[in-house]
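These values consider heavy atoms only, across backbone and side chains, with no hydrogens, waters or symmetry-generated copies. In what follows, chains carry the letters A, B, and so on, assigned in the order in which the sequence lines appear, proteins first and then strands, with residues in each chain numbered from 1.
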There are 2 protein chains.
Amino acid sequence: MSEEKSTGRRAATGAPRPTRRSFTEEQVVDTALDLLDDGGPSALSIRAVAGRLGVNPNAVYTYVASRADLERAVIERVLAAVPLGPLSDPGVEWTAAVIQFALGLRDQLLAHPAVATLMMSGPMDGVAARDVGEAMFGCLARGGLPAQTRAHGVYAVIVQVLGAVALEVAETDGKPPLPPESERIAQRRAALDEVDATRWPRTAAHLDEIAAWNSVDQFVWGLRALLTGMTAA
Amino acid sequence: MSEEKSTGRRAATGAPRPTRRSFTEEQVVDTALDLLDDGGPSALSIRAVAGRLGVNPNAVYTYVASRADLERAVIERVLAAVPLGPLSDPGVEWTAAVIQFALGLRDQLLAHPAVATLMMSGPMDGVAARDVGEAMFGCLARGGLPAQTRAHGVYAVIVQVLGAVALEVAETDGKPPLPPESERIAQRRAALDEVDATRWPRTAAHLDEIAAWNSVDQFVWGLRALLTGMTAA
DNA sequence: ACCTGAACACCGTTCAAGT
DNA sequence: ACCTGAACACCGTTCAAGT
């Protein structure tokens, strides 16, 4: 109906021309996250996103380059919501700060369980991941750890935290809200009744503790052990 | 051509009748693992397994209940090949035994990278996983750790080991053999050149160390820190 | 009991065409 | 520039039928 070239601008202008997109990339990513939260890991697809937005499947490719690209964006979105404040708060002792941060990261991932799985299956090199690393480096430096220990320590903590959350989430259907901890432990405990005590006697002697492997207590215990060991080294 | 009921046996006999299966479940699982090794994570499908076996897609359901079931079987198969000997060798100091076992598990998973990812996305409650847990319990008991510490410690080690391997593998294409460590580190180092030193100064100060996060050295360092911290507690 | 053949309801991605 | 429409080459799983 109107003249497309009415502005008469050319490529000489570095600024991108105003577009007439129906959505923003943020909306597309939000939709993807909604799908994951509503239906678990298998609910995310380009076609499902398109369907929820009311467009043809291929229209999604206006906003993301591929399904993998969309997944990266969702991960970034969730990671960016993790509180980093504790790590740079000079009033909090550094190991307490790491634990507080780790609990916040865990909360965020348990709120979007399907994303936790996604995070373990691709490189974490986005802006939000960098921010996390940077804040961790700051915290360990504040703790007085020598440079080498700092670098090893930052990654060891990330491994412990993401590993624990991923294994925790792997036992759920990936749809938030997850059952409360007590319920998930009880379910594990019930399943452990099937363990053959003749074949795995030492395991059978620890059924209650094993059932609680998916607990905050275990999470913090592992992290504390790691932090203690890092400091000793 | 022949009489199907020639034996005349009935359901009263508990033993299953002899079958005329074209394959064994083991062959099907082997085929699945071959597909993963040849083509990475996305290469595994029921239809691809069927294709490689030369049968119709649904014939695969004679041997596995579902795709998820097949994945569980593949994980079990890989996990069963991890050497547990070190953990029960009384001649090896217990922390050295854990590290030796962990390196063996890492080797096995780096040889089948796609399986490492699979392992983080489902519950690990198979026979092979139980055997690993049992051996770990034995090792930590031999180390003289009190019962409570043992239970926490076994899981913390599993988290650290599987978390590290999963993140390591997540940066590859999942097809063995993976490039040698030096090459993978060099590639990470090159990518890190893009890091904005103004925005992430502490990160920028550690580019060489961060590039080496995917190394055996880092792997052992994290594990040692954890073991040290566990002993102190 | 185990296979084939056919079908259902999906995928990600690409291409050509419209506006 | 962004959308529609159509297509290609896939999925997991189910059902009915053959042997």
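Residues from residues 23-40 of chain A placing a heavy atom under 4.0 Å of any atom in DNA chain C do not occur.
Applying the ring pair (Phe, Tyr, Trp, His ring centres under 6.0 Å) test to every pair with at least one member in residues 157-177 of chain A, sequence neighbours left out, gives no pairs at all. For the salt bridge (charged side-chain N to carboxylate O under 4.0 Å, His left out) condition, the pairs that include at least one residue of residues 39-65 of chain B, sequence neighbours left out, are B:Asp38-B:Arg52. Judged as a salt bridge (charged side-chain N to carboxylate O under 4.0 Å, His left out), the pairs with a partner in residues 161-180 of chain B (not counting sequence neighbours) are, in order, B:Arg106-B:Glu168, B:Glu168-B:Arg184, B:Glu171-B:Arg188. Residue pairs that meet the ring pair (Phe, Tyr, Trp, His ring centres under 6.0 Å) test with at least one member in residues 38-81 of chain A, sequence neighbours left out, are A:Phe23-A:Tyr63. For residues 110-120 of chain A, the set of pairs meeting the salt bridge (charged side-chain N to carboxylate O under 4.0 Å, His left out) definition, not counting sequence neighbours, is empty. Listed by first and then second residue, the salt bridge (charged side-chain N to carboxylate O under 4.0 Å, His left out) pairs involving residues 108-118 of chain A amount to none (not counting sequence neighbours).
The CG atom of B:Asn56 sits 13 Å away from the P atom of C:dA7 (whole-angstrom rounding).
For A:Phe137, the ring-ring contact (aromatic ring centres under 6.0 Å, His included) test picks out B:His206, with sequence neighbours left out. Qualifying ring-ring contact (aromatic ring centres under 6.0 Å, His included) partners for A:Trp200, counting only residues two or more places apart in sequence or in other chains: none. Evaluation of the ring-ring contact (aromatic ring centres under 6.0 Å, His included) rule for A:Tyr155 yields B:Trp213 as partners, not counting sequence neighbours.
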**Study point:** Secondary-structure notation, DNA chain D, from Watson-Crick and G-U pairs under 3.5 angstrom (| other strand)
**Key:** ||.|||||...|||||.||
Between the protein and nucleotides 10-14 of chain C, list every N/O to N/O distance that falls short of 3.5 Å.
unit_1: C:dC11; atom_1: OP1; unit_2: A:Ser45; atom_2: OG; d: 3.3
unit_1: C:dG12; atom_1: OP1; unit_2: A:Ile46; atom_2: N; d: 2.8
unit_1: C:dG12; atom_1: OP1; unit_2: A:Arg67; atom_2: NH1; d: 3.1
unit_1: C:dG12; atom_1: OP2; unit_2: A:Ile46; atom_2: N; d: 3.1
unit_1: C:dG12; atom_1: OP2; unit_2: A:Arg47; atom_2: N; d: 3.1
unit_1: C:dG12; atom_1: N7; unit_2: A:Arg47; atom_2: NH1; d: 2.6
unit_1: C:dG12; atom_1: O6; unit_2: A:Arg47; atom_2: NH1; d: 2.8
unit_1: C:dT13; atom_1: OP2; unit_2: A:Tyr61; atom_2: OH; d: 2.7
unit_1: C:dT13; atom_1: OP2; unit_2: A:Arg67; atom_2: N; d: 2.9
unit_1: C:dT13; atom_1: O5'; unit_2: A:Tyr61; atom_2: OH; d: 3.3
unit_1: C:dT14; atom_1: O4; unit_2: A:Asn58; atom_2: ND2; d: 3.3

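Remark: A:Thr62 is in phosphate contact with D:dC3, judged by side-chain N or O atoms under 4.0 Å from OP1 or OP2.
Residues B:Asp125 and B:Arg130 are in side-chain contact: their nearest non-hydrogen atoms beyond the backbone lie under 4.5 Å apart.
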